[in-house]
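Step one of this worksheet: look at the structure below.
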Amino acid sequence: MCGIFAVSGSQTNAGAVVIAGLKKLEYRGYDSWGVAIRREGKVVLEKQVGKISEAQHEFEPATEAFGHSRWATHGGVTVQNSHPHRYGRVTLAHNGIFENFASHKERIGTGTFQSETDSEVIAALINEHVEKGCDPFEAIQNTASQIKGRFAIILCIDGVDGIFAARRGSPLLVGRSADATYIASDIPAFLEHTSTVNYLDDDEIVWIRKDNVLFADLKTGKSIEKRNIDVPWSEEEAQKGDFKHFMLKEIFEQKETISRAINQPSELMKSAAEVLAQCNGVYFLACGTAHKVAATAEYFFADISGRKINVVAASEMPTFESFINEKTALIAISQSGETADVLEILERGKKKGAKIVSITNVEMSSVARISDVVLPLNAGVEKAVASTKAATAQMAICFLLAHADAELRGRGIFNVGRELLRETSTAINELLNPRYAEHIHAVAEKIVDRNNMFIIGRGSLYPMALEAAIKIQEVSYIHAQGFAAGELKHGPIALIENRVPCLVLGDDPETISNAMELKARGAKVIGISPTRADVFDEWIRVPDCDGAQSIATLVPVQILAYQLAILRGLDPDMPRNLAKSVTVK
Ligand code: F6R
């Protein structure tokens, strides 16, 4: 949430480098942007409302610059509220939430601020300490101790060389190339320059100057050494290539990503299963799409290993936190590994001695680093806001984990699960061709003018109905709602009227009966299933994948959501009001 990016090096095009990097972070926030360049000791600021991808600005030569692409939290979308903020000698960009900003703002003097943001107050506090004679590290340390909440900040101070950055709870990493150092909230910002990374941990600070990078502990001020890590992501992978949108590219990448997720070392899967075996309470925690994946995992575990797992939306977990102790396993599913709702529960759970397993796409993310066992998705960068390839990779890993659990409990064989996933991956591979997408496009054309849509599924296809609703809502803005097929007659069926599109996931006899109930009330019934039923007005075929059916069923649903967005003239990569990687609560 909010992209931040800085560069300091020997090249004089720092402003252009920052703009280019922010464009690659745009999925983190896209309502406004700003860049600060440092030129002959002076800071020059350029801030605009609108998407950074549309920015055309030309900068004067400079060797240092930093910028921000915003997802508004405090204050509307205006030039004044966009970052970087300048207060006194300090220029600062921030990602996170400064919970107790209001009292500091009042003490400093509300009238002295240009914006409504919490972030400008951080700049003011650092400035206050600098004016009192603190050196930059002390000023940032003192300010950090005044902040309640999460932050990643990048800043410069007039009269002091270089750029500073610090974090607590929001992601920040440093990229190192031969002629420059970069600081960013996500790797894609600097991937075209380098894939050598130092990860900043919580309560750490970094100071970058031309040829000098200094890391220190934010609390003690002591300098620290950081390991150089080479990330396996390529710049090419982070580009759209021949695809019009990242969302479509990522849907098609599922040809390979599911099999990459399956090829986890079996020992790693087994060590995660052992964590479950040693605990007597298992909570799967996740948000949004990842939460629907966790809900599918509940069916996988029940069917495959006979284990009852608890699935809780991370934001709702505080109610159940008193159940967490040293015999609890917390299984976090998070593509980004930075989702604040998930991270906070894990941090508190860790303190209580809970064991943590994470299923994440970013192996050095905050969620991964707090975990006892990390199961990587290996899906490559996911840039579209709507999660697609990460979701199916997460499902594949949950399916494997359930098989590893079954093997440990003497109820099944791990390799049988892996083999079924291999077959599923091959079947999805065959499905993903332009003709299939064209067929779904033709179905989308028939329903694109409708404002309401309902989706039903049974068993593990029920959470897929909920996920289908998220995908359709977020990219096409059609009101879509998912239901357990058998629940229809207990209320939701009252919503059905003439020509309302209803997606029916699956073709089992009970679901087909429910489809008939819908049809009898005038619904337009669209079946997404291995076989065609007479009740379907339209049919989208999915291969029969037995226990992994939910994974295969999600793929055409993703394509349908994408096609609906395109037909409605919307940009599926950047849906309104959303951002990827939700680092605020
Ligand atoms: C929807 C979507 C979101 C994310 C959610 C969790 O398509 O992408 O609902 O699934 O914000 O994000 P992660 O997985 O990064 O924790």
Side-chain angles (χ1 to χ4, degrees), residues 247-262 286 288-300 333 335 359 361 377 379 382 384-400 420-421 423-432 436-437 439-440 443-444 453 455-476 480-485 503-507 511 526-530 539-565 572:
M247 184 176 175
L248 190 61
K249 174 179 180 250
E250 288 159 9
I251 290 172
F252 271 76
E253 279 174 354
Q254 291 172 115
K255 281 173 175 231
E256 288 125 34
T257 50
I258 296 173
S259 70
R260 287 217 298 266
I262 305 165
T289 288
H291 174 245
K292 305 305 170 268
V293 170
T296 323
E298 191 176 355
Y299 288 87
F300 292 162
I333 307 180
Q335 187 283 130
I359 299 172
N361 204 23
L377 300 185
E382 188 179 72
V385 164
S387 184
T388 54
K389 63 175 179 174
T392 47
Q394 288 161 351
M395 288 171 77
I397 290 177
C398 290
F399 192 78
L400 274 186
L420 179 53
L421 283 175
E423 286 163 18
T424 304
S425 170
T426 307
I428 289 174
N429 203 331
E430 282 161 12
L431 208 62
L432 280 169
Y436 191 62
H439 171 60
I440 297 177
V443 174
M453 194 179 290
I455 307 119
I456 61 167
R458 184 177 243 95
S460 64
L461 293 178
Y462 163 43
M464 288 304 94
L466 302 178
E467 167 55 10
I470 294 188
K471 277 295 89 73
I472 292 166
Q473 289 157 8
E474 69 181 328
V475 299
S476 76
Q481 249 184 298
F483 298 105
L503 305 186
V504 175
L505 309 184
D507 51 16
T511 303
I526 300 160
I528 302 186
S529 57
W539 178 51
I540 299 170
R541 188 185 73 81
V542 225
D544 187 346
C545 297
D546 199 10
Q549 192 61 33
S550 48
I551 304 177
T553 304
L554 192 50
V555 175
V557 163
Q558 296 166 343
I559 300 174
L560 181 66
Y562 172 80
Q563 303 286 15
L564 288 169

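At least one donor-acceptor pair under 3.5 Å links the side chain of Glu382 to the backbone N or O of Ala390. In this structure, the side chain of Gln254 engages the main chain of Ile251 through a donor-acceptor pair within 3.5 Å. A side-chain donor-acceptor contact under 3.5 Å links Ser259 to the backbone of Glu256.
Shown here for Ile559 and Leu432, the closest heavy-atom pair between the two residues is CD1-CD2, 4.0 Å. Across Phe252 and Ala437, no two heavy atoms sit closer than the pair CZ-CB, 4.5 Å. When all heavy atoms of Ile455 and Ala480 are compared, the pair lying nearest together is CD1-CB, 4.1 Å. Minimum interatomic distance between Pro572 and Ala565 (heavy atoms only, all atoms of both residues): CB-CB, 4.1 Å.
For Lys389 and Glu253, the salt-bridge test passes: some basic side-chain N is under 4.0 Å from an acidic carboxylate O.
Counting heavy atoms from C-beta on, the side chains of Trp539 and Ser529 come closer than 4.5 Å. Annotation: side chain of Tyr299 is in contact with side chain of Tyr462 (closest heavy-atom distance under 4.5 Å). When side chains are defined from C-beta on, Ile540 counts as touching Tyr436, because their heavy atoms get closer than 4.5 Å.
One finds the NZ atom of Lys292 at 11.5 Å from the CD1 atom of Ile333 (value rounded to the nearest 0.5 Å). Taken from CD1 in Ile526 to CG in Leu560, the straight-line distance is 7.0 Å, to the nearest 0.5 Å. To the nearest 0.5 Å, atoms CZ (Phe399) and OG1 (Thr296) are separated by 11.5 Å. Rounding to the nearest 0.5 Å places CE of Met395 at 10.0 Å from OG1 of Thr424.
The only option from Thr257, Leu420, Ile258 that meets the side chain to side chain contact (heavy atoms under 4.5 Å, CB included) definition with Ser425 turns out to be Ile258.
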Practice task
Could you walk me through whether Ile456 and Leu503 pass the side chain to side chain contact (heavy atoms under 4.5 Å, CB included) test, one step at a time?
Solution key: CA-CA 6 Å; Ile456 61 167; Leu503 305 186; over 6 Å; no
Practice task
Check step by step if side chain to side chain contact (heavy atoms under 4.5 Å, CB included) holds for Arg541 and Leu431.
Solution key: CA-CA 9 Å; Arg541 188 185 73 81; Leu431 208 62; 3.8 Å; yes
Problem - Stepwise side chain to side chain contact (heavy atoms under 4.5 Å, CB included) check, Thr388 with Met247 - result: CA-CA 7 Å; Thr388 54; Met247 184 176 175; 4.3 Å; yes
Problem - Leu377 and Ile359: CA distance, side-chain angles, deciding distance, side chain to side chain contact (heavy atoms under 4.5 Å, CB included) verdict - result: CA-CA 7 Å; Leu377 300 185; Ile359 299 172; 3.6 Å; yes
Pairs of donor and acceptor atoms involving the side chains of residues 548-557, under 3.5 Å and at least two apart or interchain, shall be tabulated with distances.
{"from": "Gln549", "atom 1": "OE1", "to": "Cys545", "atom 2": "N", "distance (Å)": "2.6"}
{"from": "Gln549", "atom 1": "NE2", "to": "Pro543", "atom 2": "O", "distance (Å)": "3.1"}
{"from": "Thr553", "atom 1": "OG1", "to": "Gln549", "atom 2": "O", "distance (Å)": "2.8"}

Which atom pairs, donor and acceptor, lie under 3.5 Å between side-chain atoms of residues 464-471 and protein residues at least two apart or in another chain?
{"from": "Glu467", "atom 1": "OE1", "to": "Thr289", "atom 2": "OG1", "distance (Å)": "2.9"}
{"from": "Glu467", "atom 1": "OE2", "to": "Thr289", "atom 2": "OG1", "distance (Å)": "3.2"}
{"from": "Glu467", "atom 1": "OE2", "to": "Lys471", "atom 2": "NZ", "distance (Å)": "2.6"}
{"from": "Lys471", "atom 1": "NZ", "to": "Thr289", "atom 2": "OG1", "distance (Å)": "3.0"}
{"from": "Lys471", "atom 1": "NZ", "to": "Ser387", "atom 2": "O", "distance (Å)": "2.9"}
{"from": "Lys471", "atom 1": "NZ", "to": "Glu474", "atom 2": "OE2", "distance (Å)": "3.4"}

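Residue pairs meeting the salt bridge (charged side-chain N to carboxylate O under 4.0 Å, His left out) criterion with at least one partner in residues 543-562, sequence neighbours excluded, do not occur; the list is empty.
Side-chain contact of Glu250 with Gln558: a donor-acceptor pair under 3.5 Å is absent, judged by distance alone.
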